[in-house]
Amino acid sequence: MDSHRPVDVLPDHTAETSANWLRRHPHIGTACRDRGGAFAEGAERSQPGIPQVADRWHLLHNLAAVLGKAVTRHRSCNANPEPDVIPVPADTAGEESASARKVRERHHGIQILFRQGLTNDAISAQLGLDRKTVRRYARAATAESLIRQRPNRTSALTPRKPYLARRWAEGCDNAQTLLDELTALGCLGGRRSIRWFLNTLASHSGPRAVPPPPPAVADVVRWITGRPEHQSDQARQDLKDVCGRCPEIAEASRLARGFATILRCREGHRLGDWFAQADESQVKEIRTFANGLRKDLAAVTAGLTLPLSSGAVEGSVTRIKLLKRQHYGRAGFDLLRRRILLAH
């Protein structure tokens, strides 16, 4: 810890191996370690009662892991609000609109010619219409009286049209994909009818408002465990939105940030109050995390109080992994040990 250099390399990480090494070095007075039980057991075997310090980075890493489980469990709460439901047009809305427009145009043209003094026969010859049709349009006072009111037609696709409208709003406009989804739901229909309905939606609704994807679990965990002063305004607002949609995530965020403050400020004396709040929490992952800390309470309290930390070890481990990979897994332990010690 003083030199930030590895002084030895052990062939494994069992409790017996670490205990034997510590027995050969009785001058060591403090064991800085991660949360691994083997190192804790090895230190206790070699020197009963030796002060042990749990590494703060590993404590925060363990907290992030349980937060990830809690956020994943409430994944549905993270989803952004869906866009407003698109109104489903009537089955024959497109056909009736075109038909009505044609009737109005014909009625308007025949009425103009009739007012000009043309006879029904002359209008029929000029427009190429049957004389009876011309007479019917000439006698009608308004075009609405000529428009036939067609009864609403239903099909096997009708009950699933709200579902298709929602999926279209979400960005899915592939008729085959939607047909497969409807088939899995037990609905009968054809790809051509689905495509026709999607085209109707496009003509009635215009551009789609696709909702943004929900935030990733890793992002939510980073927003909670990160230092608030180092986060952007957008990240703080996104976390506020997530907590507003899910009370359990909001509670987990409050407790996790309280623990992170104790860790960063090294206020281990406040750990008891935090345990009391965690025990009353509705978030089971936070309670599990608190129970795990109690099993290693002395080392955890020391890690949250003393300036000691095994962070220097983590940096050496990264370099050691590089040396191991340079041998493509063929170097024996003795060669690796030499390279590790001499490289530093």
Side-chain angles (χ1 to χ4, degrees), residues 1-8 10 13 15 18-19 21-23 25-70 221-231 251-281 283-318:
M1 293 295 100
D2 293 334
S3 64
H4 288 197
R5 293 169 58 91
V7 297
D8 206 345
L10 304 182
H13 51 79
S18 59
W21 190 90
L22 286 171
R23 290 190 188 101
H25 301 80
H27 63 281
I28 294 177
T30 304
C32 297
R33 57 173 176 81
D34 59 17
R35 301 297 307 287
F39 296 112
E41 183 182 351
E44 188 64 26
R45 284 186 190 179
S46 61
Q47 300 184 38
I50 182 176
Q52 300 186 38
V53 181
D55 180 52
R56 286 185 290 277
W57 183 88
H58 284 93
L59 291 173
L60 198 60
H61 180 71
N62 297 150
L63 176 63
V66 299
L67 279 176
K69 294 179 181 179
V221 172
R222 187 176 67 255
W223 298 336
I224 295 175
T225 58
R227 294 179 181 268
E229 63 272 17
H230 294 168
Q231 295 180 356
E251 184 178 357
S253 175
R254 177 180 61 84
L255 291 171
R257 288 197 159 184
F259 182 84
T261 300
I262 295 174
L263 182 145
R264 294 187 177 109
C265 298
R266 295 206 294 272
E267 298 175 338
H269 61 279
R270 295 174 48 199
L271 192 58
D273 296 336
W274 186 87
F275 276 140
Q277 298 178 37
D279 291 340
E280 298 176 357
S281 172
V283 185
K284 62 180 182 180
E285 289 82 3
I286 293 294
R287 297 197 305 269
T288 301
F289 175 69
N291 292 333
L293 296 180
R294 283 193 177 96
K295 296 177 181 179
D296 199 15
L297 184 57
V300 169
T301 304
L304 298 180
T305 307
L306 303 176
L308 298 174
S309 174
S310 59
V313 175
E314 299 306 316
S316 295
V317 168
T318 301

dist Thr288:OG1 -> Lys284:NZ (nearest 0.5 Å) comes out at 8.0 Å

Classify the ring geometry between Trp274 and Phe289 as parallel (under 30°), tilted (30 to 60°) or perpendicular (over 60°).
perpendicular

Pair Leu255, Val283 - check side chain to side chain contact (heavy atoms under 4.5 Å, CB included), show working.
CA-CA 10 Å; Leu255 291 171; Val283 185; 5.8 Å; no

For the residue pair Val313 and Asp34, establish whether any side-chain heavy-atom pair is separated by less than 4.5 Å.
no

Decide if atom NE2 of His13 counts as having more than 12 heavy atoms of other residues, nucleotides or ligands within a radius under 6.0 Å.
no

Derivation and outcome, side chain to side chain contact (heavy atoms under 4.5 Å, CB included), residues Gln277 and Ile286:
CA-CA 10 Å; Gln277 298 178 37; Ile286 293 294; over 6 Å; no

Between Gln47 and His25 the two heavy atoms that sit nearest each other are NE2-O, 4.0 Å

If you measure from CG on Leu22 to NE2 on His27, what distance do you get to the nearest 0.5 Å?
9.5 Å

Can you tell me how far the CG atom of Leu304 sits from the CG atom of Leu59, to the nearest 0.5 Å?
6.0 Å

Is there a donor-acceptor contact under 3.5 Å from the side chain of Arg222 to the main chain of Ala64?
no

Could you tell me which non-hydrogen atom of Gln52 sits nearest to which non-hydrogen atom of Ala43, and how far apart they are?
NE2-CB, 3.7 Å

Which atom names give the shortest non-hydrogen contact between Glu280 and Glu251, and what distance separates them?
O-OE2, 4.4 Å

Would you compute the distance between atom CG of Asn291 and atom CG of Asp279 and round it to the nearest 0.5 angstrom?
7.0 Å

Heavy-atom count around His61 NE2 within 6.0 Å, excluding the residue itself: above 12?
no

Evaluate side chain to side chain contact (heavy atoms under 4.5 Å, CB included) for Arg270 paired with Thr261, printing each intermediate quantity in order.
CA-CA 10 Å; Arg270 295 174 48 199; Thr261 300; 4.2 Å; yes

So, for Ser316 and His4, which heavy atoms are closest and what is the spacing to 0.1 Å?
OG-O, 4.4 Å

Of all the heavy-atom pairs spanning Ile224 and Ala256, show the shortest one and how long it is.
CG2-CB, 3.7 Å

Test your reading of the model: is there a side-chain donor-acceptor pair from Asp55 to the backbone of Ser310, 3.5 Å cut-off?
yes

Would you check if the side chain of Arg35 reaches a backbone N or O of Ala54 as a donor-acceptor pair within less than 3.5 Å?
no

Nearest-0.5 Å distance, OG of residue Ser18 to CD of residue Glu41
8.0 Å

Look up atom CG in Asn62 and atom CZ in Phe259, then write down how far apart they are to the nearest 0.5 Å.
8.5 Å

Over all atoms of both residues, closest heavy-atom pair of Arg56 and Leu308:
NH1-O, 3.2 Å

Indicate yes or no for a side-chain donor-acceptor contact from Arg23 to the backbone of Ser46 under 3.5 Å, with no hydrogens or angles considered.
no

